[in-house]
Undergrad: 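Next up is a structure, given as structure tokens.
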Amino acid sequence: MTNRNTVTYNSMISAYAKNGRVVEARRLFDQMPYRNLVSWNTMIAGYSHNGCVAEAAELFDRMPKRDAFSWTLMITCYTRNGELEEARRLFDRMPEKDVVSWNLMVEGFVRVGDLVSAFECFRRIPNPNVISWVTLLNGYCKSGCIVEGRRIFDQMPEKNVVSWNAMLAGYIRCLQIDEAYQLFMEMPERNSISWTTMIDGYVQCGIMDEALELFMRMPKKDVVSWNTMIAGYAQDGQMDKALRFFHEMVKKNRVSWNSVISGFIQNGFYVEALQHFKMMRKEGKDPDWSTFACALSGCANLAALQVGTQLHNLLLKSGHIIDIFAGNALITMYARCGRILTARQVFDEMVSVDLVSWNSLIAGHALNGYAKAAISIFQEMKKNGVAPDEVTFIGLLSACSHAGMVDDGLELFYSMSRDYPITPVAEHYACVVDLLGRAGRLGEALKLVKGMPIKANAGIWGSLLGACRMHKNPEVANVAAEKLFEFEPHTTSNYVLLSNIHAEAGSWGEVERVRVLMKERGVWKQPARSWIEIKNEVRSFSSDDSTEPRAAEVFMVLRVLNAQMRNIGHMSDSSLLDCG
DNA sequence: TATGCGTAGT
């Protein structure tokens with residue numbers, strides 16, 4: 001029984017489900033006077049789309065009649081939600097397997113990285129179509145088996161533009177940019193995806209000039225190619241160019257806004273990120289979870305609690321559920337703003353949490369000096385069956401370091417590789433050096449650094465040098481400084497620090513040695529500059545005709561200054577998020 | 001304009 005009414009209902013169910021409103025979709029489904037097969041299928045698709053596996057399965061079992069759509073929808077639901085075994089069982093039960101269902105199973109194996117089963121499954125397909133081939137090709141390329149991928153590509157009986165694009169993306173995923181370009185030139189036809197993939201390839205290799213050249217050559221530039229350039233420049237640290245592209249765009253979409261906002265965050269322009277968040281809303285573009293996460297990260301870095309709280313309210317009001325991403329961003333924001341109890345409250349109210357949530361909570365407590373709490377959260381986390389990772393230990397070690405809990409910290413450090421399969425990286429060593437350094441155990445710290453299996457970086461040596469100042473140890477200071485100078489030969493503050501250590505010890509000969517060193521290296525007449533001095537310098541750029549500063553340099557300096565100068569309290573008073 | 005599989009952007 002199908003009439004116009006049924007079709008309307010079906011469209012509405014689909015529309016609701018696609019927007020995450022699965023409860024409303026179900027209410028409509030239950031209200032329908034007549035449900036046809038498509039209604040059932042649409043509802044299952046809706047559940048599948050929103051990760052509601054159990055609900056989909058329940059409907060699938062109850063439906064009066066099933067067609068090929070029903071089966072493949074349910075298989076998709078399982079494979080896309082990480083239940084490959086269930087998918088496999090259902091597939092085995094499927095009465096007449098069509099090529100779509102076969103392709104889904106190949107894709108399911110590809111998703112979990114089981115290429116052997118994927119290939120085996122592919123081989124059994126009676127009449128593989130071009131989609132079957134592309135799915136397999138993708139599997140190899142995504143696992144970095146580019147040679148295998150190429151072999152599949154060469155064996156394909158028919159190739160369309162999608163096949164070529166998949167091979168192109170494969171080369172780019174493996175960062176084989178020359179091979180990619182060669183393939184790009186060989187392509188019998190190119191669509192906008194081919195162009196954008198190639199442009200993005202140059203972006204990923206950090207070759208923005210080539211990306212730009214290709215973008216200019218692109219016949220019909222669409223919003224995605226523009227967005228790729230914006231994200232590319234942002235990633236490359238060239239926010240001025242990213243912003244220019246953004247302003248020149250005629251039709252900006254949500255991704256354009258997100259790209260520029262996230263670019264600001266990546267490059268430390270937090271105020272600008274929040275301003276653009278506001279502008280985005282003013283222009284009637286709805287922020288999504290990614291926008292919110294960026295804005296919250298901006299607040300976290302500025303310690304802008306008032307704005308962050310407004311964002312939290314906005315998030316609740318806009319009907320977004322506080323999912324894992326948003327929840328984690330909120331935890332970090334509140335913790336960085338010193339509201340550790342609120343951070344904990346957000347954590348407790350989250351429907352589900354992941355490792356990042358735990359890590360954010362631990363790091364938040366560490367940051368606020370609650371080392372004991374950080375460790376007890378770690379215990380709680382383990383009790384919940386969540387295994388720690390590198391980030392967890394950075395939080396724990398920094399907690400111990402701030403609280404002077406040397407023995408606990410060392411024990412945690414050693415337990416990393418002993419009890420968990422986690423190899424300490426430079427950041428962990430930096431924490432432990434800091435830990436030992438603050439406690440005055442400089443000899444041990446130096447010994448640790450010298451025995452490191454990886455090369456110590458500037459952060460580690462810098463941390464050691466700082467500790468030498470605190471505990472007046474010129475001998476270790478000389479060793480640390482020498483290493484630090486290898487990384488940062490022109491950073492004045494390092495020399496000044498070393499000089500001060502010797503001065504405090506009364507070793508004027510050593511002080512003089514450092515001064516000579518500075519002079520030799522041309523750093524000695526570079527006083528630490530206040531922002532006012534930098535600002536004047538920037539201003540003088542325009543009147544100084546001997547050197548024409550690059551626009552980018554001026555832009556960067558000005559932005560940093562703006563961010564520093566602006567009063568955050570004032571910013572929230574001017575109701576940053578209030579868009580009338 | 002109602003439902004299933006493959007290629008691009010935060």
Side-chain angles (χ1 to χ4, degrees), chain A residues 2 4-18 35-49 66-77 79-80 98-108 110 125 128-139 141-142 156 159-170 172-173 187 190-201 203-204 218 222-232 234-235 242 253-266 287-294 325:
Chain A
T2 299
R4 208 136 112 232
N5 202 8
T6 309
V7 174
T8 311
Y9 263 109
N10 290 347
S11 325
M12 285 177 69
I13 290 172
S14 170
Y16 271 119
K18 276 180 186 150
R35 283 178 283 268
N36 62 14
L37 183 53
V38 178
S39 320
W40 288 86
N41 287 345
T42 307
M43 195 60 232
I44 290 175
Y47 277 134
S48 168
H49 210 82
R66 297 184 191 106
D67 62 0
F69 275 88
S70 327
W71 286 92
T72 50
L73 278 164
M74 199 56 225
I75 293 172
T76 318
C77 184
T79 56
R80 301 270 156 103
D98 61 2
V99 68
V100 177
S101 56
W102 279 103
N103 291 350
L104 274 165
M105 288 313 293
V106 175
E107 198 228 27
V110 163
I125 304 177
N129 62 11
V130 62
I131 298 180
S132 327
W133 283 93
V134 169
T135 308
L136 188 69
L137 166 63
N138 245 326
C141 292
K142 278 185 179 152
M156 285 174 80
K159 297 182 184 72
N160 60 14
V161 65
V162 178
S163 330
W164 283 87
N165 287 345
M167 191 65 235
L168 183 66
I172 284 165
R173 208 172 283 120
M187 288 176 76
R190 300 181 193 103
N191 61 14
S192 65
I193 296 184
S194 330
W195 283 91
T196 313
T197 304
M198 194 62 228
I199 291 172
D200 190 52
V203 166
Q204 281 180 43
M218 183 171 174
D222 60 3
V223 62
V224 181
S225 53
W226 279 88
N227 291 346
T228 305
M229 291 304 291
I230 293 174
Q235 206 181 303
N253 65 8
R254 184 188 292 158
V255 177
S256 326
W257 283 95
N258 284 353
S259 303
V260 82
I261 292 172
S262 127
F264 278 131
I265 297 289
Q266 283 168 45
D288 61 6
W289 67 264
S290 162
T291 332
F292 273 109
C294 284
F325 291 104

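These values consider heavy atoms only, across backbone and side chains, with no hydrogens, waters or symmetry-generated copies. Chain letters run A, B, ... following the sequence lines, proteins first, then strands; residues in each count from 1.
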Undergrad: Please report, rounded to the nearest Å, how far the P atom of B/dG9 is from the CG atom of A/Asp200.
TA: 6 Å
Undergrad: Does A/Arg173 put a side-chain nitrogen or oxygen below 4.0 Å from OP1 or OP2 of B/dA8?
TA: yes
Undergrad: Quick one: which of B/dT10, B/dT3, B/dG9 gets closest to the side chain of A/Asp288?
TA: B/dT10
Undergrad: Would you compute the distance between atom SG of A/Cys77 and atom CG of A/Leu104 and round it to the nearest 0.5 angstrom?
TA: 11.5 Å
Undergrad: Nearest of B/dT3, B/dT10, B/dG6 to any side-chain atom of A/Glu107?
TA: B/dG6
Undergrad: Which listed nucleotide (B/dA2, B/dA8, B/dT3) is nearest to the side chain of A/Asn10?
TA: B/dA2
Undergrad: Which nucleotide in the list B/dC5, B/dT10, B/dG4 gets nearest to the side chain of A/Ser259?
TA: B/dT10
Undergrad: A/Lys18 side chain N/O closer than 4.0 Å to the phosphate oxygens (OP1, OP2) of B/dA2?
TA: no
Undergrad: B/dG6 base to A/Thr135 side chain: any donor-acceptor pair below 3.5 Å?
TA: no
Undergrad: Looking at every strand, decide which applies to A/Asp67 at a 4.0 Å heavy-atom threshold: base, sugar-phosphate, or nothing.
TA: nothing
Undergrad: Taking the minimum atom-to-atom distance to the side chain of A/Thr196, which one of B/dA8, B/dT10, B/dC5 wins?
TA: B/dA8
Undergrad: Spell out yes or no: do the side chain of A/Asn165 and the base of B/dG6 have one donor N/O and one acceptor N/O closer than 3.5 Å?
TA: no
Undergrad: Separation of A/Leu168 atom CG from B/dA8 atom C1', in whole Å?
TA: 10 Å
Undergrad: List the steps and the verdict of side-chain contact (heavy atoms from CB on, under 4.5 Å) for A/His49 and A/Arg80.
TA: CA-CA 9 Å; A/His49 210 82; A/Arg80 301 270 156 103; over 6 Å; no
Undergrad: Name the closest nucleotide to the A/Asp98 side chain, picking from B/dA2, B/dT7, B/dG4.
TA: B/dG4
Undergrad: Ignoring hydrogens and angles, does a donor from either the side chain of A/Asn253 or the base of B/dG9 sit under 3.5 Å from an acceptor on the other?
TA: yes
Undergrad: Touch check for A/Ser290, heavy atoms < 4.0 angstrom, all strands: base, sugar-phosphate only, or nothing?
TA: base
Undergrad: Which part of the nucleic acid, if any, lies within contact of A/Ala68, taking any heavy atom under 4.0 Å across all strands shown: a base, the sugar-phosphate backbone alone, or nothing?
TA: base
Undergrad: The side chain of A/Ser11 lies closest to which of these nucleotides: B/dG9, B/dT3, B/dA2?
TA: B/dA2
Undergrad: For a quick check under 3.5 Å, do A/Ser132 and A/Asn129 share a side-chain donor-acceptor pair by atom type?
TA: yes
Undergrad: OP1 or OP2 of B/dG9 less than 4.0 angstrom from a side-chain nitrogen or oxygen of A/Arg254, does that happen here?
TA: no
Undergrad: Could you tell me how far apart A/Met43 (CE) and B/dA2 (C1') are, to the nearest whole angstrom?
TA: 14 Å
Undergrad: Taking only side-chain N and O atoms of A/Asn138, does any of them lie within less than 4.0 angstrom of OP1 or OP2 on B/dT7?
TA: yes
Undergrad: Nearest to the A/Asn227 side chain among B/dT3, B/dC5, B/dG9, which nucleotide is it?
TA: B/dG9
Undergrad: Base, sugar-phosphate, or nothing for A/Arg80, non-hydrogen atoms under 4.0 angstrom?
TA: sugar-phosphate
Undergrad: With a 4.0 Å cut-off on heavy atoms, is A/Ser101 in touch with a base, just the backbone sugar-phosphate, or nothing at all?
TA: nothing
Undergrad: Atom CH2 of A/Trp40 and atom C1' of B/dG4: how far apart are they, to the nearest Å?
TA: 18 Å
Undergrad: Just verifying a value: how many Å separate A/Leu73 CG and A/Ser101 OG, rounded to the nearest 0.5 Å?
TA: 12.0 Å
Undergrad: Give the nucleotide from the list B/dT7, B/dC5, B/dA2 with an atom nearest to the side chain of A/Val162.
TA: B/dT7
Undergrad: If you round to the nearest 0.5 Å, how far is OG of A/Ser259 from CE of A/Met229?
TA: 12.5 Å
Undergrad: Between A/Lys142 (NZ) and B/dG6 (P), how many Å, whole number?
TA: 9 Å
Undergrad: Where do A/Ser256 and A/Asn253 land on the side chain to side chain donor-acceptor pair (under 3.5 Å) test, with the steps shown first?
TA: CA-CA 5 Å; A/Ser256 326; A/Asn253 65 8; 2.8 Å; yes
Undergrad: Which of these passes side chain to side chain donor-acceptor pair (under 3.5 Å) with A/Asn165: A/Asn191, A/Asn160, A/Thr197?
TA: A/Asn191
Undergrad: Nearest of B/dG6, B/dG4, B/dG9 to any side-chain atom of A/Val130?
TA: B/dG6
